[in-house]
Amino acid sequence: MDKPRPCGCKGRRTCLICEADFQILQDVYVLDPNASTYVFCPYCNLCFPGWDMNLYKKHPNHEGQPIKCPGVYVHLEFLSNEEHDDLIESIDRIPWDLSQSGRRKQNYGPKCNFRKRKLRMGNFSGFPFCTKFIQDKFLSVPIMEGFQTIEQCSLEYDPKKGASIDPHVDDCWIWGERVVTVNLLSDSVLTLTFNQKPDKYNIDLVSTYRRILDHNGKFIINTDNWDSFHVDFIKPETVYPIIRVPMPRNSLIVMYGNARYNYEHRVLREDITERRVCLAYREFTPPYLEGGEFYEEGKPVIQKAKHFFETDCEYPST
Ligand SMILES: O=C(O)CCC(=O)C(=O)O
Ligand SMILES: [Fe+2]
């Protein structure tokens with residue numbers, strides 16, 4: 001195993017600190033220069049040609065021919081400014097752990113070995129009470145129906161460290177169809193590029209699951225009408241468009257279906273211009289939920305995940 005550098009980065013992941021201290025270059029995942037780029041508009045759920053996330057603010061006066069990108073949901077102003085400010089203050093009273101690529105994190109969830117597909121409780125004991133109201137607010141968002149948070153992770157992106165996150169698909173063995181973030185402090189962008197590696201991320205398991213949402217984000221967990229939508233429509237000669245998903249402060253983003261499984265997502269260094277914090281939420285895949293093959297393993301985690309604990313750090317950690 002690679003040893004982390006003092007900044008927290010390991011292997012090919014870097015930040016501005018280790019790039020300067022160890023004279024290494026950022027290993028940039030180059031975006032295909034032949035791919036056209038589109039910006040998702042949360043008002044019309046269509047993507048219009050362009051790069052700048054603020055293009056969505058032109059709504060309804062968009063320019064150019066739009067395309068669809070099923071599987072993206074952006075709920076603007078999910079939090080009020082007051083909720084936002086209280087939340088940030090409480091989160092910053094909890095110590096942050098170093099992470100990679102210039103990020104820091106506060107992680108709450110079971111220990112998962114994605115390679116061995118092994119789940120352990122570890123020291124998971126629920127979530128900080130100051131974040132409970134967010135999970136309560138999920139209940140009023142139709143696309144979040146039945147969502148039981150199993151992992152919650154606060155992520156901090158600091159522009160002084162050149163923070164970013166490399167292209168990836170969130171693991172598909174344990175993390176369910178909806179990948180959710182709540183965005184704080186500053187606007188940013190999620191950049192989606194077509195996933196050319198269908199053998200990674202445990203994506204092979206996806207076609208064995210019941211779908212949770214249909215292509216329009218409608219909750220359908222109680223039927224087993226899974227229509228396969230991935231892998232077989234990857235054509236090597238095709239240049240798939242790059243989709244830029246705006247993540248304004250206070251918004252809730254849900255990725256599912258096509259965007260969740262057919263695309264990798266990343267946050268580019270250039271898209272972090274001010275301190276940004278997001279809260280990432282994950283649910284279990286169907287086999288770990290009630291009625292699933294591994295429910296006996298999932299059940300104690302689901303029970304722990306219903307608990308919220310008081311955090312009593314007196315001093316802000318930043
Ligand atoms: O910062 C974000 O919005 C994305 C985070 C992410 O992709 C992840 O934690 O898996
Ligand atoms: Fe992710």
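Order of appearance sets the numbers: ligands from 1, and atoms from 1 within every ligand. Side chains included, hydrogens not; waters and symmetry mates left out as well; all remaining heavy atoms used.
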L155 contact mode with ligand 1 (heavy-atom cut-off under 4.0 Å):
side chain

Of all the atoms in ligand 1, which lie at a distance below 4.0 Å from a heavy atom belonging to C278?
1 (O), 2 (C), 3 (O)

So that I know where these two stand, are Y281 and F138 an aromatic pair - ring centroids less than 6.0 Å apart?
yes

Less than 3.5 Å between some nitrogen or oxygen of H265 and one of ligand 1, yes or no?
yes

Counting the benzene-type ring for Trp, do Y43 and F40 have ring centres under 6.0 Å apart?
no

Do Q152 and T131 pass the side chain to side chain donor-acceptor pair (under 3.5 Å) test, and can you show the C-alpha distance, the side-chain angles, and the key distance before you say yes or no?
CA-CA 10 Å; Q152 180 182 308; T131 63; 3.1 Å; yes

Assess, by modelled atom type and distance only, whether the side chains of R266 and T191 contain a donor and an acceptor separated by less than 3.5 Å.
no

Hydrogens and angles aside, do Y288 and W173 bring a side-chain donor and acceptor to less than 3.5 Å of each other?
yes

Ring of F78, cation from K137 - is the NZ or CZ under 6.0 Å from the centre and inside 45° of the axis?
yes

Report the relative orientation of the aromatic rings in Y240 and F194; use parallel for angles under 30°, tilted for 30 to 60°, perpendicular for over 60°.
parallel

Please list the nearest protein heavy atom to atom 10 (O) of ligand 1 with its residue and the distance rounded to 0.1 Å.
R282 NH2, 2.7 Å

Checking salt bridge (Lys or Arg N to Asp or Glu O under 4.0 Å) for the pair D204/R117: CA distance, chi angles, key distance, verdict?
CA-CA 13 Å; D204 56 316; R117 300 180 178 173; 3.3 Å; yes

Can a donor-acceptor pair be found between the side chains of E274 and S186 at a distance below 3.5 Å?
no

Subset of ligand 1 atoms that lie under 4.0 Å from at least one heavy atom of D170
10 (O)

May I ask you to identify the nearest protein heavy atom to atom 3 (O) of ligand 1, giving residue, atom name and distance to one decimal place in Å?
R276 NH2, 2.8 Å

Side chain, backbone, both or neither: which part of R103 has a heavy atom under 4.0 Å from ligand 1?
neither

Which atoms of ligand 1 have any heavy atom of V267 under 4.0 Å away?
1 (O), 2 (C)

Need the ligand 1 atom indices (1-based, order shown) with element for anything under 4.0 Å from a heavy-atom of M247.
3 (O)

Please verify whether a non-hydrogen atom of R266 lies at under 4.0 Å from ligand 1.
no

Counting both backbone and side chain atoms, is some N or O of Y157 under 3.5 Å from an N or O of ligand 1?
yes

NE2 (H265) to the Fe ion (ligand 2) to OD1 (D170): angle, nearest 10 degrees?
90°

Need the atom name: nearest N/O/S atom of H168 to the Fe ion (ligand 2).
NE2

